[in-house]
Number of protein chains: 2
Amino acid sequence: MKERIKDLYLIELLRLGARGKFIRVPTTFLSRVFGVSQQTASRVINLLHKGGLVDKDIINGVTCVKITEKGLERLRKLKRELEEAFNSPGVIEFEGKVFTGFGEGAYYVKKRAYRKQFFKILGFEPYPGTLNVKLEKKELIEKNRELRQMRGIKVLGFEDRFRTYGDVYVYRALIEDTLEGAIVYAERTHYDERVIEIISPYYLRRRLGLKDGDLIRFKVFLSQSL
Amino acid sequence: MKERIKDLYLIELLRLGARGKFIRVPTTFLSRVFGVSQQTASRVINLLHKGGLVDKDIINGVTCVKITEKGLERLRKLKRELEEAFNSPGVIEFEGKVFTGFGEGAYYVKKRAYRKQFFKILGFEPYPGTLNVKLEKKELIEKNRELRQMRGIKVLGFEDRFRTYGDVYVYRALIEDTLEGAIVYAERTHYDERVIEIISPYYLRRRLGLKDGDLIRFKVFLSQSL
DNA sequence: ATTACTAAAAAACGAGTAA
DNA sequence: TTTACTCGTTTTTTAGTAA
């Protein structure tokens, strides 16, 4: 079963009151709640149970379930996502701490082939370096992972006479609600999912008076609207 | 595609910012957001479009979508359901206006075979009549429809020498936060989905001083907890 | 009454590809 | 580049039924 679909079944169980206590739910009854056959209802409960999302017990031959803490956490996350999507659709707000990397980002951003595309896609020539931000909140690290999977806008890789440079992906961003910029993901095999690299036409450290350890906030735009 | 699953895709589109404006979403990009193939992403968008949940346009060969009002309404409903389920799991609160029916309910509730089962299941002998409540809020009528589909606790039908009496379904209820009772659904082919019938050990009209047109509130319990 | 196995049917999926 | 068709494969579902 697709992982996301489990959320839908968990919602129904929550509506039935399976939080904090076991509720008595014959699979024949659940089949009507879920809108599937009795057999599927049975399988669904067993799958949720295997996945650690519900506790299950059969009492007098009748299924009883209770959503586990793990299951509730999933539901809370879904609720949070839905609320955030309603409040600020298309935008993810990040915050993290500035730190100094190994100058790797700067090395790439200086490459002509990349710079040209940045200008074409983003409308600015980036300052020749990246601002490294270390995320600390668990949910933001999770969002960073998702963004990486989504990829965003592709910046094509290239090769010079020495080596190959892979594709890079960017999302537009707004730093401290004032300065335009973008976040950049390289398609490296090794990366730290707690880290986000920001590019911008400005030298952000000076412009914002930032030093290592300072908190920085920025918004990332998931799509180009029309 | 299962109807409920569309909600999950709509959530992703909302997260991307497809509210109030079109967003540019190549199906290759969506395939990563949705976690499916490009072909499936394409099919999903077309299905959502056919279902009137998103507006779709292909500009310069690239898909652009915007969630329709109908789609947003679905998402709002999901959000509301989730919030309600968290706030009062297992309970639905109703309110409606008392009215006088045709005494049909009373006729059934007086039948011995039903009364015995009511006592066994609910723990009380109902007053020989039902209190008819007319729902007025759209979302409560919708909830009533859902409850009817779920059926609840079955009370077996029977037959006497004249005719057959069908199965009946009940849910426990609490009237005006004080009096126990239950709501009853007969498996009739004709019924008014705006109406709920309440049974209770008490003659509710006298006990609560109700007359036609008075507002009554009650909570319905979706499942028997353990 | 239940739950849940098996086998067959139905639905969903994605690779290949045309436009 | 796109989108989205066909079609073979995989996955999911349910009817029948045993326990």
Side-chain angles (χ1 to χ4, degrees), chain A residues 1-9 12-13 22-51 54-65 117 120-121 151-158 167 169 223-224 226, chain B residues 1-9 12-13 22-51 54-65 117 120-121 151-158 167-170 223-224 226:
Chain A
M1 188 197 295
K2 277 264 167 47
E3 204 55 32
R4 286 312 288 271
I5 296 171
K6 294 181 180 174
D7 291 350
L8 294 177
Y9 290 118
E12 296 304 325
L13 291 177
F22 277 89
I23 56 168
R24 189 176 176 282
V25 278
T27 50
T28 41
F29 171 73
L30 278 182
S31 82
R32 289 189 297 265
V33 176
F34 292 166
V36 298
S37 68
Q38 173 271 321
Q39 293 85 340
T40 297
S42 172
R43 263 202 355 268
V44 166
I45 292 298
N46 288 331
L47 283 172
L48 294 179
H49 184 221
K50 271 206 202 93
V54 303
D55 286 334
K56 181 195 163 185
D57 204 353
I58 295 191
I59 297 176
N60 294 134
V62 178
T63 303
C64 298
V65 296
Q117 289 187 79
K120 195 174 159 203
I121 292 167
R151 308 270 241 294
I153 312 169
K154 190 188 231 173
V155 177
L156 291 172
F158 60 97
D167 294 340
Y169 296 91
S223 68
Q224 309 112 285
L226 295 180
Chain B
M1 189 196 297
K2 278 262 167 49
E3 204 55 31
R4 285 312 288 272
I5 295 174
K6 294 182 182 174
D7 290 351
L8 293 178
Y9 289 118
E12 295 304 326
L13 291 177
F22 277 89
I23 57 168
R24 190 176 175 280
V25 280
T27 50
T28 41
F29 171 73
L30 278 182
S31 82
R32 289 189 298 265
V33 176
F34 291 166
V36 298
S37 69
Q38 174 270 322
Q39 292 87 339
T40 298
S42 172
R43 241 166 340 99
V44 166
I45 292 297
N46 287 330
L47 282 172
L48 293 179
H49 185 221
K50 270 206 203 93
V54 302
D55 286 334
K56 182 194 162 186
D57 204 354
I58 294 190
I59 298 176
N60 293 136
V62 177
T63 303
C64 297
V65 298
Q117 290 187 79
K120 196 174 157 203
I121 291 167
R151 310 275 239 299
I153 313 169
K154 190 189 232 173
V155 176
L156 292 171
F158 60 96
D167 294 338
V168 163
Y169 296 90
V170 300
S223 68
Q224 309 114 287
L226 295 180

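Please read these numbers as outputs of a predicted model, since none were measured by experiment. Lettering of chains follows the sequences in order, A, B, ..., and the numbering in each one begins at 1.
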How long is the straight-line distance from [atom2] of [Y] back to [atom1] of [X], given to the nearest 0.5 Å?
X: R4(A); Y: D7(B); atom1: CZ; atom2: CG; value: 11.5 Å
X: Q39(B); Y: T28(B); atom1: CD; atom2: OG1; value: 11.0 Å
X: I45(B); Y: L13(B); atom1: CD1; atom2: CG; value: 5.0 Å
X: Q117(B); Y: L156(B); atom1: CD; atom2: CG; value: 5.0 Å

Check your understanding: Hey, are the side chains of T40(B) and F34(B) touching, using non-hydrogen atoms and a 4.5 Å cut-off?
Key -> no
Review point. Can you tell if the side chain of Y9(B) reaches within under 4.5 Å of the side chain of V54(B), non-hydrogen atoms only?
Key: no
Check your understanding: Base, backbone or nothing for each nucleotide of nucleotides 3-15 of chain D, written B, S, -, heavy atoms under 4.0 angstrom, 5' to 3'?
Key -> BBB------SBBB
With sequence neighbours left out, what residues match [X] under salt bridge (charged side-chain N to carboxylate O under 4.0 Å, His left out)?
X: R43(A); answer: none
X: R32(B); answer: none
X: K154(B); answer: D167(B)

Point to revise | Contact boundaries on DNA chain C for chain B, cut-off under 4.0 Å to non-hydrogen atoms | key: dA12(C) to dG16(C)
Practice item. Mind running side chain to side chain donor-acceptor pair (under 3.5 Å) on Q38(B) and T27(B) for me, showing each step along the way? Key: CA-CA 6 Å; Q38(B) 174 270 322; T27(B) 50; 3.3 Å; yes
**Study point:** Dot-bracket pairing map - DNA chain D, Watson-Crick plus G-U, both contacts under 3.5 Å, | cross-strand
**Key:** .||||||||||||||||||
